[in-house]
Amino acid sequence: MNYDTEAIRRDFPILERKVYGKPLVYFDNAATSQTPRQVIDEINRMYTQEKANVHRGVHCLSQEATASQEATRERVRGFINADSVEEVIFTSGATESLNLVASSYGQLLEDGDEIILSIMEHHSNIVPWQLLQSRKKVKIKVIPIDAEGRLDLDAYRGLFTDRTRIVSVCHASNVLGTVNPIKEMAEYAHSRGAVFCVDGAQGVPHAKVDVQDLGADFYAFSSHKMYGPCGVGVLYGRRELLEKMPPYQGGGEMIGHVSFSGTTWAELPYKFEAGTPDFVDISALKKAIDYIESIGMDRIAAHEHDLLVYATEKMQAIPGVHIYGTAPDKCALISFLIGNAHHYDTGILLDRMGIAVRTGHHCAQPLMESLGIEGTVRASFAMYNTLHEVDEFIAALTRVAAMLS
Ligand SMILES: *Cc1c(COP(=O)(O)O)cnc(C)c1O
């Protein structure tokens with residue numbers, strides 16, 4: 001069966017849009033992906049047929065809404081191959097998932113303990129650990145990268161001491177595209193008695209993820225970057241660790257019994273889900289997973305890889321274009337600059353030609369500093385992008401490069 005991009009595109013209503021009278025070329029998928037009709041229809045169905053607060057209700061609608069939400073939990077469990085649904089916690093996004101780990105697992109750390117991060121982390125996998133430093137005297141160590149944008153694994157191993165408790169790195173960089181060797185890194189961390197947390201915001205949308213095979217103790221991601229609704233994220237956590245961790249927030253749903261003389265916590269995963277969850281969007285997330293699986297993650301990955309290779313080759317032929325991140329194993333995004341031109345000017349000019357790219361530091365200021373730049377322009381691809389769109393982008397970029405040099 002051929003990969004039918006045109007059929008896929010018909011499922012994404014927004015792709016019919018024009019900007020400034022030109023067909024939209026949407027290359028900002030690493031910031032958020034677009035949403036297929038199947039997901040939008042499910043959100044609509046929930047609001048028109050099934051909106052009732054989950055868990056608390058004896059009535060029919062509440063039970064249906066609960067079933068819809070919990071069906072997604074099972075769907076996510078299978079999608080990432082978690083051992084049980086108790087290990088799948090719903091959050092508001094990858095950011096909250098990482099804050100949960102830093103805050104709650106962080107409670108178990110002691111003064112003098114050490115945390116290993118990498119220079120290519122998104123702010124959401126840096127700042128929560130720095131917030132922990134205001135409560136505990138923990139030390140943060142940083143894995144450097146080589147010239148191609150790969151983590152320096154010798155340096156990584158050299159950072160460990162007998163105080164290293166947790167490593168937290170991204171599955172793939174949202175700036176460089178580098179896919180990190182998580183399995184190998186997690187194995188080493190475990191051999192040194194540390195746990196391994198993965199920021200999977202750019203992992204899950206682009207390749208099949210098996211948390212057990214990877215050896216991830218925690219794995220965080222966002223629904224909106226994988227064709228699902230906004231407002232929902234997932235934290236996978238290994239049961240044994242989740243059981244040891246204190247709750248993240250207090251409120252309804254996360255308790256066993258509340259009394260002013262002492263309160264007990266609910267069972268997993270509810271211990272970490274205080275308050276009314278975004279059950280409408282959680283319910284609709286399973287439709288995004290259905291959609292991805294109806295096409296096949298391997299085929300999506302292969303298609304995106306074709307776009308990446310094709311676009312990279314064409315961009316390298318444009319005078320003045322410099323690409324940041326040339327690791328052999330990359331997810332489908334390309335960061336670049338044109339000569340000394342400001343990233344913002346390039347972004348504005350491309351936008352006027354109907355091409356949506358992102359410019360700036362991409363929430364990775366430490367990485368920018370290490371590269372000696374302020375920001376980049378980033379083109380990022382998804383399952384519905386086409387070689388024809390890459391051609392449009394290359395034609396526009398060629399014009400922009402001539403204007404700015
Ligand atoms: C987008 C992103 C995040 C944060 O995701 P939110 O959906 O904003 O919570 C974290 N890490 C990486 C690598 C990202 O690309």
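Start at 1 and go down the list; that is how both ligands and their atoms are numbered.
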Please report whether the ring centroid of [Y] lies less than 6.0 Å from that of [X].
{"X": "His55", "Y": "Tyr270", "answer": "yes"}
{"X": "Tyr324", "Y": "His322", "answer": "yes"}
{"X": "His171", "Y": "Tyr219", "answer": "yes"}

(request) Tell me which part of Thr95 gets within contact of ligand 1: side chain, backbone, both or neither, using heavy atoms under 4.0 Å. (result)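 Both backbone and side chain of Thr95 come within 4.0 Å of ligand 1.
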(message) Strictly distance-based, threshold 3.5 Å: is any side-chain N or O of Gln202 a donor or acceptor partner for the main-chain N or O of Ala30?
(response)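 Yes, the answer is positive, given that a donor and an acceptor are paired below the 3.5 Å cut-off.
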(request) Could you name the option among Gln202, His123, His362 that has the heavy atom nearest to atom 15 (O) of ligand 1? (result)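 It is Gln202 that holds the nearest heavy atom.
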(message) So, regarding Glu96 and ligand 1 (criterion: nitrogen or oxygen to nitrogen or oxygen, under 3.5 Å), is there a contact or not?
(response)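 Glu96 vs ligand 1: no N/O contact under 3.5 Å.
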(request) Classify the ring geometry between Tyr384 and Tyr227 as parallel (under 30°), tilted (30 to 60°) or perpendicular (over 60°). (result)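 Perpendicular: the ring planes of Tyr384 and Tyr227 meet at over 60°.
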(request) Below 4.0 angstrom from a heavy atom of Ser222, which ligand 1 atoms are there? Numbered from 1 as shown, please. (result)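 Those qualifying, in numeric order: 5 (O), 6 (P), 7 (O), 9 (O).
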To check your reading of the model: name the closest protein heavy atom to [atom], its residue, and the distance in Å.
{"atom": "atom 10 (C) of ligand 1", "value": "Ser124 OG, 3.1 Å"}
{"atom": "atom 14 (C) of ligand 1", "value": "Lys225 NZ, 3.0 Å"}
{"atom": "atom 11 (N) of ligand 1", "value": "Asp199 OD2, 2.6 Å"}

(message) Does either side chain, that of Thr276 or that of Asn53, offer a donor lying less than 3.5 Å from an acceptor on the other one?
(response)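 Yes.
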